[in-house]
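Heads up, the thing below is written out as structure tokens.
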Amino acid sequence: MDLNKNQQLDLLYFMRMTRSLEDRLDNLYKQGKIVGGLFRSLGQEGTAVGSAYALDKNHGDILSPLTRDLGAMLVMGALPREVFASYLWRKSSLSQGRDQNIHITDLNRGFIGTISPLGTLVAVMNGVLLAARMQKKRTVGMVYIGDGATSTGAFHEAANFAAVQNLPLVIIGENNGFAYTTPTSKQMRILNLADRAKAYGMPSEIVDGNDVLAVHGSARRAVDRARDGGGPSFIECKTFRMRGHAAHDNQSYVAKETLEQWRKRDPIAHFERELRERKTASGGDIKQVTHRVDTLLDEDLAWAESQPAPAPESALGGVYSDDGKTTAASLGK
């Protein structure tokens with residue numbers, strides 16, 4: 001499916017929003033306003049945005065991201081103010097100040113917050129899609145996994161289960177060359193993550209993860225195939241994280257030459273250049289996107305910083321129950 005001008009500007013908007021939002025989070029972290037970890041997706045925005053943009057909310061499609069897939073959640077409708085509120089431990093966050101990062105969930109908007117034991121995400125999405133099948137829905141699920149997590153037993157069990165059950169699942173494999181500090185060559189002797197999916201009879205594609213249109217095209221094919229009963233697919237996106245595993249990691253284990261090579265392949269700069277060269281969008285269109293992003297982030301950050309922290313005594317809400325019933329209502333008490 002070819003994307004029109006507005007749709008392509010949408011892709012640019014979400015990539016720009018992801019990067020600028022994380023830039024501001026980085027500033028908050030350096031100011032001591034964020035206590036805990038800060039994970040950047042710098043350099044990987046094209047993978048997250050391009051893939052998630054292939055889903056269809058009208059069918060109830062749903063995704064579960066990794067730590068570096070903030071862009072995917074923004075595409076599905078997560079708001080910058082919710083992300084700010086989560087990192088700043090505000091009562092108004094979706095976790096009501098109980099968790100940071102993008103461990104936030106809203107089933108109505110189609111996203112399930114990331115789970116720290118990363119290999120388990122595929123199994124969780126299997127359950128979601130089995131439930132949707134029982135309800136006669138045509139929902140497609142998308143789940144993200146890194147090169148390191150494909151080495152976990154949970155991934156292999158879940159991938160095999162998805163294939164055997166012919167579930168409408170799209171697995172986005174983010175191959176950024178390192179599982180924290182461990183290079184891929186120290187994890188496996190194969191060159192491509194996609195080769196692992198072949199063992200389960202699962203169709204796979206390998207794409208340039210820094211080319212948002214290539215990612216979207218591959219994801220669109222996989223989503224359509226899944227919805228039409230073709231079962232799960234694995235898409236390997238070759239990309240690179242331009243920061244360490246988290247803010248505390250100085251990335252000293254990566255050669256400067258490697259970083260420079262990937263810096264030249266920046267997904268946002270590449271896409272902006274492509275938009276201009278193909279005359280799909282003008283410099284003015286691109287500036288307007290940047291202005292929209294900056295304006296919204298100014299408003300949402302001001303709102304989040306004005307919100308109160310949760311009361312200490314609310315920490316026990318939703319943890320214990322006397323009657324065995326759900327305690328979701330107590331979260332707001």
Side-chain angles (χ1 to χ4, degrees), residues 41 43-44 46-48 50-52 54 63-69 72 114-115 117-126 129 140-226 228-241 245 253-254 258 261-262 265 267:
S41 65
Q44 295 188 207
T47 292
S51 54
L63 62 77
S64 188
L66 288 180
T67 309
R68 268 169 269 284
D69 296 309
T114 184
I115 302 169
L118 304 177
T120 62
L121 288 167
V122 184
V124 170
M125 193 57 71
N126 283 347
L129 295 176
V140 171
M142 183 174 285
V143 63
Y144 297 77
I145 193 160
D147 47 284
T150 65
S151 296
T152 64
F155 164 74
H156 290 277
E157 292 179 12
N160 184 61
F161 184 88
V164 171
Q165 295 295 325
N166 204 47
L167 295 176
L169 178 68
V170 179
I171 304 175
I172 306 295
E174 299 172 341
N175 190 348
N176 60 27
F178 286 88
Y180 203 144
T181 61
T182 304
T184 307
S185 60
K186 298 295 184 181
Q187 299 178 54
M188 60 194 79
R189 294 189 65 177
I190 55 176
L191 294 177
N192 304 309
L193 301 182
D195 293 338
R196 290 185 156 179
K198 293 178 182 178
Y200 307 114
M202 191 181 298
S204 63
E205 290 188 21
I206 300 174
V207 298
D208 179 355
N210 286 24
D211 184 337
V212 67
L213 291 180
V215 173
H216 177 266
S218 181
R220 180 77 264 168
R221 290 188 290 275
V223 168
D224 290 344
R225 182 167 55 244
D228 290 340
S233 301
F234 187 95
I235 300 172
E236 178 178 357
C237 297
K238 304 280 192 180
T239 184
F240 201 81
R241 54 175 166 84
H245 176 72
Y253 46 88
V254 178
T258 299
Q261 289 173 0
W262 282 98
R265 298 174 59 186

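Keep in mind the model is a prediction, meaning the values are calculated, not measured.
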Note to self: Check the orientation of W262 and F240. Use parallel for under 30°, tilted for 30 to 60°, and perpendicular for over 60°.
What the structure shows: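 Geometry flag for F240 against W262: parallel rings.
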
Which distance, rounded to the nearest 0.5 Å, do you find between the [atom1] of [X] and the [atom2] of [Y]?
X    : Y    : atom1 : atom2 : result
I145 : D69  : CD1   : CG    : 11.5 Å
D208 : I206 : CG    : CD1   : 12.0 Å
T258 : Y253 : OG1   : OH    : 12.0 Å
T67  : R241 : OG1   : CZ    : 11.0 Å
I115 : M125 : CD1   : CE    : 9.0 Å
T47  : D211 : OG1   : CG    : 9.5 Å

Backbone N/O of [Y] and side chain of [X]: donor-acceptor pair under 3.5 Å:
X    : Y    : answer
T114 : P65  : yes
R68  : H245 : yes
H156 : T150 : yes

For the residue pair [X] and [Y], what are the closest heavy atoms and their distance?
X    : Y    : answer
N166 : G229 : ND2-O, 2.9 Å
L129 : P168 : CD1-O, 3.3 Å
A159 : V122 : N-CG1, 4.3 Å
A219 : G50  : CB-O, 4.5 Å
G201 : P203 : O-CD, 3.8 Å
L193 : G173 : CD1-C, 4.4 Å

Under 3.5 Å, is there a donor-acceptor pair between the [X] and [Y] side chains?
X    : Y    : result
S151 : R196 : yes
S233 : R225 : yes
N176 : Q44  : yes

Heavy-atom distance under 4.5 Å between the side chains of [X] and [Y], does that happen here?
X    : Y    : answer
D147 : Q187 : yes
I171 : I235 : no
V143 : L169 : yes

Checklist line | Residues forming a side-chain hydrogen bond (donor to acceptor under 3.5 Å, both in side chains) with E236, sequence neighbours excluded | finding: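 Testing E236 for side-chain hydrogen bond (donor to acceptor under 3.5 Å, both in side chains), a comparison that skips the adjacent residues, returns N175, K238.
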
Margin query: Is there a side chain to side chain contact (heavy atoms under 4.5 Å, CB included) between M142 and I172? Walk through the geometry before answering.
Written below: CA-CA 7 Å; M142 183 174 285; I172 306 295; 3.8 Å; yes

Item checked: Check: Y200 ring centroid to F234 ring centroid under 6.0 Å ->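 No, the ring centres sit 6.0 Å or more apart.
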
Check: Charged N to carboxylate O under 4.0 angstrom, D195 versus K198?
Finding: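 Looking at D195 and K198, the cut-off is met.
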
Item checked: A52: partners by side chain to side chain contact (heavy atoms under 4.5 Å, CB included), with sequence neighbours left out ->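 Expected list: L63, A72, V75, Y144.
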
